[in-house]
Amino acid sequence: MKIDLSIKNTAESKLIFEKSKPDKEGVFLPERQFANLDFSKLIPAELQRKEPGNLPEITEPELIRHFVNLSKKNFSVDTHFYPLGSCTMKYNPKIHEEIAALDGFSWIHPTQTEDQTQGILQVFYELGRALCELTWMSEFSLQPAAGAHGELCGMMLTRAYHESRGEGKRNLVLVPDSSHGTNPASAAQYGYQVVQILSDARGRVDLKALGEAMNDRVACLMLTNPNTLGLFESDILKIRELVHQKGALLYYDGANLNALLGAVRPGDMGFDIVHLNLHKTFTTPHGGGGPGAGPVGVTKALAPFLPKPVIVRKADGTYGWDHARPQSIGKIRSFFGNAGILIRAYVYIRMLGLEGLRRVSHDAVLNANYLRKKLSTAYVNPHNEYCMHEFVLSTSHLESKHIQAGDIGKRLLDYGIHAPTVHFPLVVKEALMIEPTETESKETLDTFVEVMLKILKEAEETPELVRTAPHTMPIGRPDEVQAARKPILSYRDYQRDQSQVVSS
Ligand SMILES: *Cc1c(COP(=O)(O)O)cnc(C)c1O
């Protein structure tokens, strides 16, 4: 199937290879420094290029304009308001970039010895300790590269724990129906059978359904709190009891920790394993498939199973790696994790301190409730009560106009606002999941409300305008499945795609 890029064919949007003309020059290569070396002998024959590289020939101004214009087509948290729920998309303070780029961090190599890397080891160690304090876990591994990777790590820890107690027969993982798709996927990926627990009318885990599902085959319950409806699972202590009574573990999906920093700790709620998404709560860059970080923390009982090596502070005050962990699940990532991302999160935590972090969550909850109050009468809110850092509206009342939640999201783009998460969580029909984060001003929030109400009016009066949005974007409505499964990321891919369209 063709992916419709619908890029308007202006000179500016022509692809760089299409602008290429033989003998145009935009760069001057340095004089060859090793005139006496014969590269045809130094480089193995099978690695030598047979034909010249297919590089565009273009002048410097054309090149600069090409990339600047491309960058202007981007929607990003640095250019637009991004009220995307569950995946906290907050502003990334630029000081993080400066510090992560310091020579001492950016020029070290993971194979350097401990005595040459004491600085970064200290950063890793202190970050791990800070995360322990914030979550009330005993120890953290910084290796996992994303939330989903942390979940997989958590499943491995769960099995290692049960097997060590002779309970390897536990083969079920419970997930609520409001859970993020990665939860059941991670459990299934590691060979667990997934059992869905229904929500009750209040949008919380149905205790009766949970009680009925609990038995001695259950390995763990995966839960995010607040859940993806932005509601605090107020029965969490009863949930803990139901789960622990049967010898199962409680896994905390930390993607929503932005609501609770410095207020409630997963450890206090009874969780045994925790993953955090540093690229959500702790303001490291997010999206585009780039590096993330999903550190995993555990209680004391599970610490022996953590991935190795584990960072330790030795008796003499220096830092090092502890490889002597006989019960460890092993390494789950090359080297020690995404160092640059971990540094950014560390800077964030050190700059704010506990009081600052508490304020972050306080303001995130305040901002979410401000929007909820302003929008929940015009739109449908099936769970209209005090929310945490996010809330979920529904556009089901626009069904008669043949308008879906996704259409509202597309129309928002025309007003310079990124779409909220649409059609998730699945427990709400036509869901619009809104998370403003703490970093947005009242003016931005008020503009958002104004635009949301304006779009609602358009939906009533000129539904076609909303149904066919966006009208101002370089890309309209790509086939989302194909765009994810078969992304066109190079000119070669693009040419191949075009030729397939012609031939089919
Ligand atoms: C984002 C998210 C995840 C997955 O995290 P990634 O870092 O994207 O892999 C899991 N659960 C919830 C609730 C999330 O919002």
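Only heavy atoms go into these numbers, but all of them, side chains included; no hydrogens, no water, no symmetry mates. Both ligands and their constituent atoms are indexed starting at 1 by order of listing.
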For [atom], which protein heavy atom lies nearest, and how many Å away is it?
| atom | value |
| --- | --- |
| atom 5 (O) of ligand 1 | Asn277 ND2, 3.0 Å |
| atom 6 (P) of ligand 1 | Gly147 N, 3.5 Å |
| atom 1 (C) of ligand 1 | Lys280 NZ, 1.5 Å |
| atom 11 (N) of ligand 1 | Asp253 OD2, 2.5 Å |
| atom 15 (O) of ligand 1 | Ser86 OG, 2.6 Å |
| atom 9 (O) of ligand 1 | Ala148 N, 2.8 Å |

- request: Record the part of His149 in heavy-atom contact with ligand 1 below 4.0 Å; permitted values are side chain, backbone, both and neither.
  value: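 Neither; nothing of His149 gets under 4.0 Å from ligand 1.
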N or O pair under 3.5 Å between His279 and ligand 1: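 Indeed, backbone or side chain, His279 has an N or O that close.
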query: Ring centroid separation for His180 and Phe424, is it under 6.0 angstrom?
result: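 Here the rings of Phe424 and His180 have centres that are less than 6.0 Å from each other.
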query: Is the centre of the Phe271 ring less than 6.0 Å from the centre of the Tyr251 ring?
result: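 Here the rings of Tyr251 and Phe271 have centres that are no less than 6.0 Å from each other.
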- request: Flag this pair as yes if the NZ/CZ of Arg159 is under 6.0 angstrom from the six-membered ring centre of Tyr192 and inside a 45 degree cone about the axis; otherwise no.
  value: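 Judged by the rule (NZ or CZ under 6.0 Å from the ring centre, within 45° of its axis), Arg159 counts as positioned above Tyr192.
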message: Does Arg344 qualify as a cation-pi partner of Phe282, given the criterion of NZ or CZ under 6.0 Å from the six-membered ring centre and within 45 degrees of its axis?
response: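 No.
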query: Can you list the atoms of ligand 1 that are under 4.0 Å from a heavy atom of Ala255?
result: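 Answer for ligand 1: 2 (C), 11 (N), 12 (C), 13 (C), 14 (C), 15 (O).
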field: Name of the residue among Met433, Glu435, Glu390, Lys280 meeting side chain to side chain contact (heavy atoms under 4.5 Å, CB included) with Cys87
entry: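 When Met433, Glu435, Glu390, Lys280 are each tested with Cys87, the side chain to side chain contact (heavy atoms under 4.5 Å, CB included) holds only for Lys280.
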field: Cys87 touching ligand 1 at heavy-atom level, < 4.0 angstrom
entry: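 Heavy atoms of Cys87 do come under 4.0 Å of ligand 1.
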message: Looking at every non-hydrogen atom in both residues, tell me the closest pair between Gln112 and Trp107 and how far apart they are.
response: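 Here Gln112 and Trp107 meet closest at OE1-O, 4.2 Å.
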query: What are the two closest non-hydrogen atoms of Val296 and Leu306, and how far apart are they?
result: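 Result for this residue pair: O-CD2, 4.0 Å.
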